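Here is the structure we will look at, set down as structure tokens.
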Amino acid sequence: MRISIIFRRPRRARRTLPETPEVAQLRKAAKEYLPGRLRELAAQHGFTVNQVRIKHNVSNWGSCSTKGNINLNLNLMRVPQDLQDYVMLHELCHLRHMNHGPEFHALLESLCPNHRALRKQLKEYRLI
């Protein structure tokens, strides 16, 4: 009888950020405002969103899954509304194009003509 032992690498621990009073306040405000605004933009531009979640990510402002779920970073509450809308429109475009190819950028350009300038502005903000 032969016994095989499989060694697995331990999973990387998720980097979690402390829930400070400031973060708790941002989370509450984000849950009250961002999902409604995202759904408003989605309806305005003919997108269908499945679920909207508010996250406290350390590396991105938002994300979109193939199931039509959109995650938004609670730090969006710290940036002006035009930057919030840019991030939401960016994620909505991923509902049709799950990459950053030419079709994605053409769609984003049609919805947000100044997206390049907004992207530069967003880089001035730091995630906390």
Side-chain angles (χ1 to χ4, degrees):
M1 179 161 87
R2 186 173 177 205
I3 299 175
S4 298
I5 299 175
I6 299 173
F7 293 98
R8 294 187 182 172
R9 292 183 187 171
R11 286 188 179 182
R12 287 187 347 194
R14 287 188 181 179
R15 184 173 163 199
T16 57
L17 298 174
E19 186 78 13
T20 64
E22 180 185 10
V23 169
Q25 186 177 11
L26 282 173
R27 184 182 306 282
K28 183 178 187 291
K31 284 184 176 184
E32 290 173 1
Y33 174 72
L34 295 176
R37 179 63 179 152
L38 178 70
R39 292 192 188 284
E40 187 179 301
L41 289 170
Q44 182 180 346
H45 296 290
F47 292 97
T48 302
V49 176
N50 187 18
Q51 292 181 350
V52 182
R53 293 202 171 105
I54 304 301
K55 302 283 187 172
H56 188 194
N57 298 337
V58 296
S59 62
N60 63 13
W61 292 98
S63 63
C64 178
S65 76
T66 56
K67 294 179 181 179
N69 300 328
I70 292 182
N71 296 318
L72 298 172
N73 194 318
L74 59 85
N75 280 283
L76 285 170
M77 296 306 294
R78 298 174 41 245
V79 302
Q81 184 174 352
D82 60 340
L83 296 178
Q84 293 173 0
D85 287 353
Y86 157 69
V87 169
M88 290 186 235
L89 289 170
H90 180 105
E91 298 310 329
L92 288 170
C93 289
H94 280 307
L95 293 172
R96 295 203 185 130
H97 304 285
M98 292 300 293
N99 56 44
H100 289 112
E103 296 92 356
F104 168 85
H105 283 288
L107 179 58
L108 183 58
E109 179 78 24
S110 71
L111 301 179
C112 186
N114 62 338
H115 68 95
R116 286 180 184 87
L118 293 170
R119 182 175 181 214
K120 280 185 181 180
Q121 284 181 344
L122 191 61
K123 288 183 180 190
E124 296 173 13
Y125 290 87
R126 189 175 60 89
L127 297 169
I128 61 167

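Numbering of residues begins at 1 and proceeds along the displayed sequence. Note that the coordinates shown come from a computational prediction; the quantities given were computed from them, not determined experimentally.
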#### Entry: Derivation and outcome, side-chain contact (heavy atoms from CB on, under 4.5 Å), residues L122 and L118
CA-CA 6 Å; L122 191 61; L118 293 170; over 6 Å; no
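- Judged as a side-chain contact (heavy atoms from CB on, under 4.5 Å), and not counting sequence neighbours, the contacts of R39 are V49, V52.
- Using a 4.5 Å cut-off between side-chain heavy atoms of Ile, Leu, Val, Met, Phe, Trp and Tyr, with links allowed through other members, L92 and M98 fall into different hydrophobic clusters.
- Contact detail for P35 and A30: the closest heavy-atom pair is CD-O, 3.2 Å.
- Scored by the side-chain contact (heavy atoms from CB on, under 4.5 Å) test, N71 finds R53, K55, S63 as partners (sequence neighbours excluded).
- Residues forming a side-chain hydrogen bond (donor to acceptor under 3.5 Å, both in side chains) with E40 (at least two apart in sequence, or on another chain): R37.
- Taking E32 as the reference, K28 meet the salt bridge (Lys or Arg N to Asp or Glu O under 4.0 Å) condition, with sequence neighbours excluded.
- Between N60 and L127, the closest heavy-atom pair is N-CD1, 3.7 Å.
- Residue pairs meeting the salt bridge (charged side-chain N to carboxylate O under 4.0 Å, His left out) criterion with at least one member in residues 104-115, sequence neighbours excluded, are E109-R116.
- Of the possible donor and acceptor atoms, one in the side chain of N75 sits under 3.5 Å from a partner among the backbone N and O of I128.
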### Message
Could you walk me through whether V79 and W61 satisfy the side-chain contact (heavy atoms from CB on, under 4.5 Å) test, starting with their C-alpha distance in whole Å, then the side-chain angles of each, then the deciding distance to 0.1 Å, before giving a yes or no?
### Response
CA-CA 11 Å; V79 302; W61 292 98; 4.0 Å; yes
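- A ring-ring contact (aromatic ring centres under 6.0 Å, His included) check over residues 33-54, counting only residues at least two apart or in different chains, returns nothing.
- Under the salt bridge (Lys or Arg N to Asp or Glu O under 4.0 Å) criterion, R119 pairs with no residue, sequence neighbours left out.
- Partners of N50 under the side-chain hydrogen bond (donor to acceptor under 3.5 Å, both in side chains) rule, at least two apart in sequence or in another chain, are N69.
- Checking side-chain atoms of N57 against main-chain N and O of S59 turns up no donor-acceptor pair under 3.5 Å.
- Closest approach of V87 to G62, counting heavy atoms only: CG1-N, 4.4 Å.
- Side-chain atoms of I70 and L95, non-hydrogen and from C-beta on, do get closer than 4.5 Å to each other.
- L34 CG to M88 CE: the interatomic distance, rounded to the nearest 0.5 Å, is 5.0 Å.
- Side-chain atoms of Q84 come within 3.5 Å of backbone atoms of L76 as a donor-acceptor pair (strictly under, hydrogens ignored).
- Between N99 atom CG and C93 atom SG the span is 11.0 Å, to the nearest 0.5 Å.
- The ring-ring contact (aromatic ring centres under 6.0 Å, His included) contacts involving residues 100-128 comprise H90-H100, H90-F104, H94-H100, H94-F104, H100-F104, where partners must be two or more places apart or lie in separate chains.
- The distance from atom CG of L108 to atom CD of E103, rounded to the nearest 0.5 Å, is 13.5 Å.
- With rounding to the nearest 0.5 angstrom, the NZ atom of K120 is 12.5 Å from the CG atom of N114.
- Of all heavy-atom pairs spanning C112 and L89, the tightest one is CB-CD1, 4.0 Å.
- The salt bridge (charged side-chain N to carboxylate O under 4.0 Å, His left out) analysis of residues 59-80, with sequence neighbours excluded, yields no pairs.
- Within a 6.0 Å radius of CD in Q25, no more than 12 heavy atoms belonging to other residues, nucleotides or ligands are found.
- Annotation: salt bridge (Lys or Arg N to Asp or Glu O under 4.0 Å) contacts of R27 (sequence neighbours excluded): E19.
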